[in-house]
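Written out below as structure tokens is the structure these notes cover.
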Protein chains: 2
Amino acid sequence: MTETPLAENIANQLRRDILRGKLRPGAPIKERDNAAEMGVSRTPMREAIRILAKEGLVNLRPSRSPLVAEPSLKEVMDAIDVLTALEVLSGKLACRNATEADLEDIRSIHAHMARIYDDADSLDLFEVDMSFHRAIARASHNALLAESHQAYLARLWRVRYLTASLRHNRARVLNQHGAILEGLHQRDVDKVTAGIGLQLEGLAQSVTQVV
Amino acid sequence: MTETPLAENIANQLRRDILRGKLRPGAPIKERDNAAEMGVSRTPMREAIRILAKEGLVNLRPSRSPLVAEPSLKEVMDAIDVLTALEVLSGKLACRNATEADLEDIRSIHAHMARIYDDADSLDLFEVDMSFHRAIARASHNALLAESHQAYLARLWRVRYLTASLRHNRARVLNQHGAILEGLHQRDVDKVTAGIGLQLEGLAQSVTQVV
DNA sequence: ATTTTGTATGTTGTATACAAAATTAAGGGC
DNA sequence: GCCCTTAATTTTGTATACAACATACAAAAT
């Protein structure tokens with residue numbers, strides 16, 4: 001999993017540029033230009049692009065410039081299906097394996113989110129929401145699962161970001177987080193998985209409105 | 001997803017070498033040596049190694065030689081958990097989305113396996129078994145799911161290969177394939193997911209014996 | 001006018017050269 | 001003999017140079 005640091009940094013930068021919309025979906029990423037712009041050579045830039053390609057944020061075409069991915073509605077829905085399966089599994093395993101420290105971690109994220117939820121800008125709130133879900137995946141104590149889960153979260157970053165600005169979703173999300181947290185505390189698998197399912201169903205619904 | 005052809009070829013070659021045991025788990029992969037051996041330069045070899053790293057067959061360490069992965073028992077079990085979730089989802093979706101052609105495809109693979117199952121060598125049989133499961137994932141008509149599923153299958157290739165030689169497993173596997181196929185035909189989600197669950201439980205059990 | 005082909009340009013693919021880091025080996029002190 | 005320090009070697013990280021391929025445009029032929 002560890003990568004060479006420079007390529008990793010470039011990948012992080014590129015990822016931000018893509019997700020924040022500086023690089024638009026469908027736009028070509030020219031190695032030389034982008035490398036020059038960041039003051040590095042093509043080699044690490046190539047590696048960075050490959051990293052993002054594996055994450056699904058970039059599409060590679062042989063001998064042609066890679067393109068920023070523009071997922072179709074179906075692709076987004078498909079990704080949500082997979083993410084749901086992964087997160088439900090996370091929830092199940094977390095009920096079994098989560099330590100008290102894990103729960104405390106999740107709880108504090110939830111508290112933080114509740115504290116800022118009505119006046120934070122959507123980006124900040126969104127970051128916190130992401131970390132809540134990642135914390136659950138971590139609490140499964142299955143590193144592979146956490147990694148795959150995170151990959152799908154990243155893939156859905158952009159649509160999630162777009163839907164996060166739908167203000168009426170906020171209260172619902174927060175309530176569901178509370179229910180999930182409660183379920184984890186009681187080690188109640190059904191409650192947790194139900195909460196996760198509902199939440200991602202909500203995401204799917206929001207997506208159809210935004211796209 | 002498309003990669004530059006040379007790197008892809010090298011990755012395929014390397015993957016075979018790893019899975020067949022020519023490159024032992026824990027062994028370092030030196031870019032220069034391996035590249036020279038295959039008659040290519042370091043650059044595409046590096047890319048190939050990165051590809052395998054994303055598949056989990058190779059572990060990258062900054063500024064040190066990459067190592068052929070040697071997954072612990074826990075890691076294998078974790079991977080099986082995730083694979084199960086992905087394959088169960090595949091089964092569910094396949095019940096809904098599989099076309100008649102998809103089912104025919106799966107059926108013919110099953111028939112082929114039944115035909116060769118008592119005298120084929122374990123490697124051939126194993127390849128067929130893999131393709132059966134991949135066909136189910138494809139029948140879900142969720143490309144991302146199929147891709148992730150395949151990635152986890154690849155990650156488990158080696159242990160699966162080792163357990164495939166346990167001859168007493170063969171009949172059980174074949175029967176379960178039959179049950180899954182029947183369930184798909186009847187669009188019976190419970191039957192399919194139960195079959196898949198059983199099968200992968202069996203794998204988990206075999207693994208504990210082999211490792 | 002349309003299609004085809006040739007050429008020019010730009011971009012990726014591969015190889016190699018150089019720099020930095022890590023490993024190994026050697027040497028000196030205890 | 002053992003350990004620490006240090007030099008030599010090996011190996012990866014990065015940059016750059018060159019080759020192959022693709023695209024765009026222009027000119028010529030149908």
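All chains are named by letter (A, B, ...) in the order of the sequence lines, taking the proteins before the strands, and each is independently numbered beginning at 1. The structure displayed is predicted, hence computed values, not measured ones.
At a non-hydrogen distance threshold of 4.0 Å, A:I29, A:K30, A:E31, A:R32 from residues 24-33 of chain A come into contact with DNA chain C.
Both key distances under 3.5 Å define a Watson-Crick or G-U pair, and stretches of 3 or more such consecutive pairs in DNA chain D run C:1-30 with D:1-30.
A straight line from CD1 of B:I10 to C1' of C:dA15 spans 12 Å, rounded to a whole angstrom. Atom-to-atom, CG of A:L67 to P of C:dT12 comes out at 10 Å; the value is rounded to the nearest Å. Between B:M38 atom CE and C:dA15 atom C1' there is a gap of 17 Å when expressed in whole angstrom units. Across the protein-nucleic acid pair, B:M45 atom CE and D:dT11 atom P stand 14 Å apart, rounded to whole Å. Taking atom CD on B:E3 and atom P on C:dG13, their separation rounds to 9 Å, with Å as the unit. Separating the CZ atom of B:R61 from the P atom of C:dA22 is a distance of 11 Å, rounded to the nearest angstrom. With rounding to whole Å, A:E8 atom CD is found 12 Å from D:dG13 atom P. A:L6 has its CG atom 15 Å from the C1' atom of C:dA21, to the nearest Å.
Take A:H110 and apply the side-chain contact (heavy atoms from CB on, under 4.5 Å) test, not counting sequence neighbours, and it matches A:F132, A:L174, A:H177, A:L181. Scored by the side chain to side chain donor-acceptor pair (under 3.5 Å) test, A:S131 finds no partners at all (sequence neighbours excluded). Partners of B:S148 according to the side chain to side chain donor-acceptor pair (under 3.5 Å) rule, which considers only residues two or more places apart in sequence or in another chain, are A:Y152. Listed by chain and number, the residues in a salt bridge (Lys or Arg N to Asp or Glu O under 4.0 Å) with B:E201 amount to none (sequence neighbours excluded). Not counting sequence neighbours, the partners of B:T99 by the side chain to side chain donor-acceptor pair (under 3.5 Å) test are B:D102.
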Side-chain atoms of residues 85-93 of chain B: list all donor-acceptor pairs with protein atoms under 3.5 Å, sequence neighbours left out, distances to 0.1 Å.
| from | atom 1 | to | atom 2 | distance (Å) |
| --- | --- | --- | --- | --- |
| B:E87 | OE1 | B:H149 | NE2 | 2.8 |
| B:E87 | OE2 | B:H133 | ND1 | 2.3 |
| B:S90 | OG | B:L86 | O | 3.0 |

Sequence neighbours excluded and cut-off under 3.5 Å, please list the side-chain donor-acceptor pairs for residues 27-35 of chain A, or say none.
| from | atom 1 | to | atom 2 | distance (Å) |
| --- | --- | --- | --- | --- |
| A:E31 | OE1 | A:R42 | NE | 2.9 |
| A:E31 | OE1 | A:R42 | NH2 | 2.8 |
| A:E31 | OE2 | A:R46 | NH1 | 2.8 |

Less than 3.5 Å apart, which donor and acceptor atoms pair up between the side chains of residues 14-21 of chain A and the rest of the protein, not counting sequence neighbours?
| from | atom 1 | to | atom 2 | distance (Å) |
| --- | --- | --- | --- | --- |
| A:R15 | NE | A:E55 | OE1 | 2.9 |
| A:R15 | NH1 | A:N12 | OD1 | 2.8 |
| A:R15 | NH2 | A:E55 | OE1 | 3.4 |
| A:R15 | NH2 | A:E55 | OE2 | 2.8 |
| A:R16 | NH2 | A:Q13 | OE1 | 3.1 |
| A:D17 | OD1 | A:Q13 | NE2 | 3.3 |
| A:R20 | NH2 | A:E127 | OE2 | 3.3 |

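Sorted by first and then second residue, the salt bridge (Lys or Arg N to Asp or Glu O under 4.0 Å) pairs with a member in residues 57-70 of chain A form an empty list; sequence neighbours excluded.
Residues B:L83 and B:R155 have side chains not in contact (no heavy-atom distance under 4.5 Å, counting atoms from C-beta outward). Under the 4.5 Å side-chain criterion, counting only non-hydrogen atoms from C-beta, B:D129 is not in contact with B:L125.
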Protein-to-nucleotide contact annotation, 5' to 3' order, nucleotides 17-22 of chain D [B base; S sugar-phosphate only; - none; under 4.0 Å, heavy atom]: B----S

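Comparing D:dG13, D:dT16, C:dT14 by their closest approach to the side chain of A:T43 singles out D:dT16.
Shown here is B:H141, whose NE2 atom has more than 12 heavy atoms of other residues, nucleotides or ligands within 6.0 Å.
For A:R50 and C:dG13, the shortest distance from a side-chain N or O to OP1 or OP2 is below 4.0 Å. Listed pair B:S41 / C:dT14 fails the phosphate criterion, with no side-chain N or O lying under 4.0 Å from OP1 or OP2.
Within the nucleic acid shown, B:T4 comes within 4.0 Å of sugar-phosphate atoms alone, with no base atom in reach, counting heavy atoms only.
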